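As the structure is a prediction and not an experimental result, all values here were calculated from the model.
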Amino acid sequence: MDGRDALNALAKVAGRGLAIKAGAAGAVAFILFLLLIGMFGAGIGGKAHADSCGGRGTPGVDLDDGAGDKDGEGKGQKPGNAHYRKDQIANAKIIDRVAADGGLSGRATLIALMTALQESTLLNLDHGPGDSVGLFQQKPSYGWGTHDQIMKPKFAAKMFYFGADSGSPRGLTDIKGWESKPLHVAAEGVQHSTQGELYAGQEDAARAIAEQAKIDLGRKGKADAGNEDQDQDDAANGDDQADDDGPEECYRDGDEGGKKHGGKPGQPFHDGDAPWPDNVKNPRSTQDAIKWAKAEAENGGNEWYQACLAFVARVYGWGYSGVPYAIDHYKEMPLAMKHDHGRNPPPGALMYWDTGKRAGHVAVYLGDGKIASNDIERPGYIDVVDATKIESKWGATYLGWAPPYFPKGG
């Protein structure tokens with residue numbers, strides 16, 4: 001288990017997942033302490049790797065139209081309360097205003113929004129690993145400011161963009177060539193999370209919130225008025241699943257080249273009968289996993305925001321999945337286990353969707369055409385819905401199903 005997965009194993013206790021920043025030594029010491037007291041055992045249920053899930057329908061960012069708090073300075077915010085979406089929008093506006101006042105481009109705002117979404121789900125949290133607090137989970141012990149200062153979104157955003165006057169810690173503008181770097185690389189240059197690729201999974205959510213907050217992400221900075229390519233959406237920004245094939249191309253009927261394709265988008269899913277290969281072994285049986293998933297949908301909390309792969313790993317009794325993104329989990333699945341576009345998954349199977357962005361989406365098939373999925377009805381919560389809803393509501397492309405195989409899980 002690496003440090004990041006270990007921290008995310010605490011998310012069910014903490015109520016959310018966070019990215020690790022600079023200060024790995026302190027984080028490791030904290031993790032070792034927790035290991036000694038047994039928090040990663042089978043007793044207290046730690047959440048699996050807090051994998052990002054974003055896409056065409058921006059799961060988990062189905063924002064309402066309400067206006068946020070006037071100053072966005074509220075403390076102790078967490079997903080699921082009545083002001084959750086409003087607070088996200090209010091905080092996004094503050095982050096953008098600090099960038100604009102400092103002569104920075106909309107690209108800087110986008111980087112900051114992606115970072116804050118990964119670190120705190122864009123909420124002004126008064127807690128975090130070690131002494132981390134605020135929108136960007138900045139640490140007073142690493143020079144980001146006092147606890148009270150960091151808890152002020154304007155101050156936190158200014159530190160993220162411009163860093164300390166002494167030059168340590170560095171802000172975004174202290175990173176040479178940040179304007180042309182991939183978005184997640186620029187974010188990692190500030191945060192030093194050790195897994196900067198996770199920021200890439202937040203681009204869709206950041207753009208959706210910016211649109212809701214009426215933020216101009218195409219705004220030119222004072223120093224880059226002539227840069228026409230500043231905010232392109234390409235593979236370098238994490239969109240390495242460009243739409244090469246449309247839905248009709250992905251869902252051709254019949255048998256082509258010896259490979260059968262499934263039905264077209266929107267067609268129902270039906271139960272199949274395919275036993276798992278002998279090497280598919282999980283801490284929890286398929287029957288118990290389905291029971292656990294249904295119970296989580298009925299009585300669980302809101303800690304599953306943008307954590308689809310984390311959820312399915314937890315369903316089968318794993319503490320973490322061992323893979324950063326849902327789409328990677330499907331890509332790494334042995335070829336013999338993949339059932340591309342097959343719409344007859346057996347109960348307990350994992351179903352995968354291409355959401356058009358880096359992360360993808362995965363859910364557990366419960367049978368009778370139903371899945372257990374995070375964020376589809378309520379951000380952060382698990383709900384039992386028709387499997388077709390990932391296509392109809394989020395506009396995602398169904399990839400196929402596979403057995404619940406977690407060779408890197410733990």
Asker: Any side-chain donor-acceptor pair under 3.5 Å between Ser132 and Gln138?
Answerer: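 No, because no side-chain N or O of Ser132 sits under 3.5 Å from a partner of the opposite role on Gln138.
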Asker: Considering only heavy atoms from C-beta outward, does the side chain of Asn124 approach that of Lys152 to under 4.5 Å?
Answerer: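 No, too far: nothing below the 4.5 Å cut-off.
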Asker: Supply the atom-to-atom distance Ser321 OG to Lys408 NZ, rounded to the nearest 0.5 angstrom.
Answerer: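 Reported to 0.5 Å precision, the distance equals 9.5 Å.
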Asker: Check the pair Glu296, Arg314 against salt bridge (Lys or Arg N to Asp or Glu O under 4.0 Å), reporting the backbone distance first and the verdict last.
Answerer: CA-CA 11 Å; Glu296 186 68 15; Arg314 187 64 181 160; over 6 Å; no
Asker: Keeping the roles fixed (side chain from Asp174, backbone from Gly171), state whether a donor-acceptor pair exists under 3.5 Å.
Answerer: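 Here the side-chain-to-backbone pair exists.
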Asker: Establish, for the pair Lys338 and Tyr330, whether the NZ or CZ atom is under 6.0 angstrom from the six-membered ring centre and no further than 45 degrees off its axis.
Answerer: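 Ring-cation test returns yes.
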Asker: Minimum heavy-atom separation for Pro345 to Met351, with atom names?
Answerer: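 Heavy-atom minimum between the residues: CG-SD, 4.1 Å.
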Asker: Supply the atom-to-atom distance Leu309 CG to Asn374 CG, rounded to the nearest 0.5 angstrom.
Answerer: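 Answer rounded to 0.5 Å: 10.0 Å.
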Asker: Checking side-chain polar atoms at under 3.5 Å, does Glu119 have a donor or acceptor matched by the opposite partner on Tyr199?
Answerer: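 Per modelled atom types, Glu119 and Tyr199 side chains form a pair under 3.5 Å.
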Asker: Within the structure provided, determine whether Asn91 and Leu135 are in side-chain contact (heavy-atom separation under 4.5 Å).
Answerer: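 Asn91 vs Leu135: side chains touch.
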Asker: Looking only at the side chains, is there a donor atom on one of His361 and Ser373 sitting less than 3.5 Å from an acceptor on the other?
Answerer: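 There is such a pair (donor and acceptor under 3.5 Å, judged by atom type) between the side chains of His361 and Ser373.
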Asker: Is there a side-chain contact (heavy atoms from CB on, under 4.5 Å) between Leu366 and Ile371 once you walk through the steps?
Answerer: CA-CA 5 Å; Leu366 303 178; Ile371 57 171; 5.6 Å; no
Asker: Using modelled atom types and a 3.5 Å cut-off, is there a donor and acceptor pairing between side-chain atoms of Asp328 and backbone atoms of Pro324?
Answerer: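 Flag not set: sc Asp328 to bb Pro324 has no pair under 3.5 Å.
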Asker: If you look at every heavy atom in Ile209 and Ala92, which pair is closest and at what distance?
Answerer: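 In this case the closest contact between Ile209 and Ala92 is CG2-CB, 3.7 Å.
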Asker: Please tell me if the side chains of Pro404 and Val280 come closer than 4.5 Å, counting only heavy atoms from C-beta onward.
Answerer: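 Result yes, sub-4.5 Å side-chain heavy-atom pair found.
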Asker: Just do the side-chain contact (heavy atoms from CB on, under 4.5 Å) check on Glu203 and Leu113 with the steps written out, would you?
Answerer: CA-CA 8 Å; Glu203 183 178 352; Leu113 292 179; over 6 Å; no
Asker: Are Tyr352 and Tyr398, when compared by the centres of their aromatic rings, separated by less than 6.0 Å?
Answerer: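 Distance test on ring centres: not under 6.0 Å, no.
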Asker: Mark yes or no for whether Thr173, through its side chain, and Tyr161, through its backbone, hold a donor-acceptor pair below 3.5 Å.
Answerer: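 Yes: the side chain of Thr173 pairs with the backbone of Tyr161.
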Asker: Just how far is it from atom CE of Met151 to atom OG1 of Thr146, taken to the nearest 0.5 Å?
Answerer: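 Those atoms lie 11.0 Å apart.
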Asker: Should the pair Arg343-Glu391 be classified as a salt bridge under the 4.0 Å nitrogen-to-oxygen rule?
Answerer: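 Yes, this pair counts.
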Asker: Determine whether Pro379 and Arg85 make a side-chain contact, defined as any pair of heavy atoms from C-beta on separated by less than 4.5 Å.
Answerer: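 Touching, per the 4.5 Å side-chain cut-off.
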Asker: Is there a side-chain contact between Phe160 and Val190 (heavy atoms, below 4.5 Å)?
Answerer: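 SC-SC contact between Phe160 and Val190 confirmed.
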Asker: I'd like to know if Arg207 and Glu211 make a salt bridge, using a cut-off of under 4.0 Å between side-chain N and carboxylate O.
Answerer: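 Salt bridge: no.
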Asker: Ignoring hydrogens and angles, tell me if any N or O in the side chain of Asp131 forms a donor-acceptor pair with the backbone of Lys139 under 3.5 Å.
Answerer: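 No.
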Asker: Is there a donor-acceptor pair closer than 3.5 Å between any side-chain N or O of Arg107 and the backbone N or O of Leu217?
Answerer: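 Not a single qualifying donor-acceptor pair exists.
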Asker: Which pair of heavy atoms, one from Leu122 and one from Ile95, lies closest together, and at what distance?
Answerer: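 Taking Leu122 first and Ile95 second, the nearest heavy atoms are CD1-CD1, 3.7 Å.
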Asker: Any chance you could measure Arg170, atom CZ, to His192, atom NE2, to the nearest 0.5 Å?
Answerer: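 Arg170 CZ to His192 NE2: 5.5 Å, rounded to 0.5 Å.
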Asker: How about Phe406 and His329: are their ring centroids closer than 6.0 Å?
Answerer: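 Yes, the ring centres sit under 6.0 Å apart.
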Asker: What I want to check is whether the side chains of Thr397 and Trp353 have a donor and an acceptor closer together than 3.5 Å.
Answerer: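 There is no such pair (donor and acceptor under 3.5 Å, judged by atom type) between the side chains of Thr397 and Trp353.
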Asker: Which of these passes side-chain contact (heavy atoms from CB on, under 4.5 Å) with Gln191: Leu172, Leu198, Thr115?
Answerer: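 It is Thr115; the other options fail the test.
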Asker: Measuring from atom CG of Leu110 to atom CD of Gln202, what distance do you get when rounded to the nearest 0.5 angstrom?
Answerer: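 Taking CG in Leu110 and CD in Gln202, the distance rounds to 11.0 Å.
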Asker: Taking all non-hydrogen atoms of both residues, which atom of Phe311 and which atom of Trp304 are closest, and how far apart?
Answerer: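 Heavy atoms only, the tightest pair is CA-CZ3, 3.7 Å.
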Asker: Ignoring hydrogens and angles, tell me if any N or O in the side chain of Tyr316 forms a donor-acceptor pair with the backbone of Gly348 under 3.5 Å.
Answerer: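 The answer is yes, because a donor-acceptor pair under 3.5 Å joins these two groups.
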Asker: Does the side chain of Tyr405 come within less than 4.5 Å of Pro277's, by heavy atoms?
Answerer: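 No, every pair of side-chain atoms sits at 4.5 Å or beyond.
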Asker: Is there a donor-acceptor pair closer than 3.5 Å between any side-chain N or O of Glu188 and the backbone N or O of Glu197?
Answerer: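 Side chain of Glu188 to backbone of Glu197: no pair is present.
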Asker: Step by step, would you call Arg378 with Asp383 a side-chain contact (heavy atoms from CB on, under 4.5 Å)?
Answerer: CA-CA 8 Å; Arg378 302 170 295 166; Asp383 287 292; 3.1 Å; yes
Asker: Identify whether the distance between the nearest side-chain nitrogen and carboxylate oxygen of Arg219 and Asp96 falls below 4.0 Å.
Answerer: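 Yes, this pair counts.
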Asker: Between Phe269 and Thr388, is any pair of side-chain heavy atoms under 4.5 Å apart?
Answerer: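 Counting from C-beta outward, Phe269 and Thr388 do come under 4.5 Å.
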Asker: If we only count heavy atoms from C-beta on, is the Pro169 to Tyr142 side-chain gap below 4.5 Å?
Answerer: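 When only atoms from C-beta onward are counted, Tyr142 and Pro169 do not touch, as no gap falls below 4.5 Å.
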Asker: Could Glu377 and Lys389 be called an ion pair, given the rule that one side-chain N must be under 4.0 Å from one carboxylate O?
Answerer: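 Yes, Glu377 and Lys389 are salt-bridged.
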Asker: Given 3.5 Å as the limit, does a donor-acceptor pair link the side chain of Asp216 with the main chain of Gly106, or not?
Answerer: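 Side chain of Asp216 to backbone of Gly106: no pair is present.
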Asker: Work out which heavy atom in Trp318 is nearest to a heavy atom in Pro283; give both atom names and the distance.
Answerer: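 That closest heavy-atom pairing would be CE2-CD, 3.3 Å.
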Asker: Determine whether Leu104 and Thr109 satisfy the following criterion, side-chain contact (heavy atoms from CB on, under 4.5 Å), listing intermediate values before the conclusion.
Answerer: CA-CA 8 Å; Leu104 300 181; Thr109 295; over 6 Å; no
Asker: Does Ser120 reach the main-chain N or O of Ala116 with its side chain, forming a donor-acceptor pair under 3.5 Å?
Answerer: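 Yes.
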Asker: I need the Lys393 NZ to Asp375 CG distance, nearest 0.5 Å.
Answerer: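 These two atoms lie 9.5 Å from each other.
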Asker: Taking all non-hydrogen atoms of both residues into account, name the closest pair between Gly145 and Ile150 and its distance.
Answerer: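 Here Gly145 and Ile150 meet closest at O-CD1, 3.6 Å.
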